[in-house]
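Reading through the structure tokens given below for one structure.
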There are 2 protein chains.
Amino acid sequence: MNSSILTIGHLARQTGTKVETIRFYEKNGLLPEPSRTEGNYRAYEPDHLNRLSFIRRARDLGFSLDQIRALLTLSDNRGQSCAAVDAIASEHRAEVEKKITDLMALKAELDRMIDQCECGIVDDCRIIETLSPK
Amino acid sequence: MNSSILTIGHLARQTGTKVETIRFYEKNGLLPEPSRTEGNYRAYEPDHLNRLSFIRRARDLGFSLDQIRALLTLSDNRGQSCAAVDAIASEHRAEVEKKITDLMALKAELDRMIDQCECGIVDDCRIIETLSPK
DNA sequence: TTATGACCCTATAGCGTATACAGGGTCATG
DNA sequence: CATGACCCTGTATACGCTATAGGGTCATAA
């Protein structure tokens, strides 16, 4: 057997991914189906490892699987303009910015609510009161 | 028929909730099962409306359904200490704070990545390069 | 009176991103 | 040749809904 051939477990350990997640990526078209050994084990090649590393990095940066699929396709066509790549990344950044803004507004509301609580009995609780209809 | 009896559609309109969501809350033990009319329609009383409003407010503040279930139970025992209420709210606030911190770190990384992009061809793209394994 | 259309019912499947488990097969090591 | 680590497929679960199919009920208008 070729020494550069990897089992799914190797791929998992080398990328910090669970085995089930790798199979999930395959089923969802992010990772190409590898060839199989005689015993029907998946036999990965270095390219698979690179691709999975790419996916994991992009996931760590919060890209969706759809976005990653698009990024992978783009990175496979290395002569094309990278404007499309920039568009995906910028769109994602805008989503992240929006989430931050929303969560900061939320936190401000929670702060207001919690700071009012004097921790007596529920009947006087400002938190419950804030949540209850007028 | 009692004029204070409400159909599921009334409840939906008055709380800005979809009908399916109300049935979902019932199935998941957040909203008690109402009695039924002869035609098997759900017949809600004002208490249901109050409870649903509470749930929606709490959802708007990002509480999980589990947390809301707990908050509802606490608010039904109005003589008890509200320390438990405070604990749930504080725990949630801490989660929100962590999310904000994480997202801000993420945004900083995205900023770095995107700012490097000179939008030439993919082969030179710093975004793809950042994502690719060394 | 009947026909229309708005509303309601149940049951089931789907979204996204995995994770877990059951029930089995394969492989290297002692 | 037995053990245990690893692999396989298929299915179920998590969260918080949303959507759809296929039907029943009810109020209003002609």
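Values below: every heavy atom of this structure, side chains too, minus hydrogens, waters and symmetry copies. Order of the sequence lines fixes the chain letters, A, B, ..., with proteins taken first and strands second; residue numbering starts at 1 for each chain.
Atom OH of Tyr25(B) is separated from atom P of dC17(D) by 4 Å (rounded to the nearest Å). Per the geometry, CD belonging to Glu38(B) stands 18 Å off P belonging to dG24(D), to the nearest Å. Rounded to whole Å, atom P of dG16(D) lies 14 Å from atom NZ of Lys27(B). One interatomic measurement links the two molecules: CD1 of Ile55(B) to P of dC15(D), which rounds to 16 Å at whole-angstrom precision. The nearest whole Å value for the distance from the CG atom in Leu11(A) to the P atom in dC6(D) is 15 Å. The distance from atom CD of Glu26(B) to atom P of dA11(C) is 12 Å, rounded to the nearest whole Å. Atom pair Leu30(B):CG and dG16(D):C1' shows a separation of 11 Å (rounding to whole Å applied). Here the P atom of nucleotide dC8(D) and the CD atom of Glu20(A) are 11 Å apart, to the nearest Å.
The pair Asp102(A)-Lys99(B) does not meet the salt-bridge criterion, since no charged nitrogen lies less than 4.0 angstrom from a carboxylate oxygen. Taking the charged nitrogens against the carboxylate oxygens, Asp60(B) and Arg56(B) have no contact shorter than 4.0 Å, which rules out a salt bridge. Salt-bridge formation is detected for the pair Asp111(B)/Lys107(B): a Lys NZ or Arg NE/NH1/NH2 atom is positioned less than 4.0 Å from an Asp or Glu carboxylate oxygen.
One finds a side-chain N or O of Arg59(A) lying less than 4.0 angstrom from the OP1 or OP2 phosphate oxygen of dA18(C). Contact between the side-chain N/O atoms of Arg23(A) and the OP1/OP2 oxygens of dT9(D) is not found at any separation under 4.0 Å. Close to dC7(D), at under 4.0 Å from its OP1 or OP2, lies no side-chain N or O of Arg42(A).
Within the 3.5 Å criterion, the main-chain N or O of Leu61(A) finds a donor-acceptor partner in the side chain of His92(A).
Here the nucleotide nearest the side chain of Arg36(A), chosen from dT9(D), dT17(C), dC6(D), is dT9(D). Here the side chain of Lys18(B) is nearest to one of dA20(C), dC7(D), dA19(D), namely dA19(D). When the nucleotides dT19(C), dC15(D), dC7(C) are ranked by their closest atom to the side chain of Phe24(A), dT19(C) comes out on top.
Nucleotides of DNA chain D nearest to Val19(A) and Arg56(B) differ in position, and the one nearer the 5' end is that of Val19(A). Each of Thr21(A) and Asn40(A) was matched to the nucleotide of DNA chain C holding its nearest heavy atom; the match closer to the 5' end belongs to Thr21(A).
Shown here for Arg93(A) and Leu110(B), the closest heavy-atom pair between the two residues is CA-CD1, 3.9 Å.
At a cut-off of 3.5 angstrom, the base of dG25(C) holds at least one donor-acceptor pair with the side chain of Tyr41(A).
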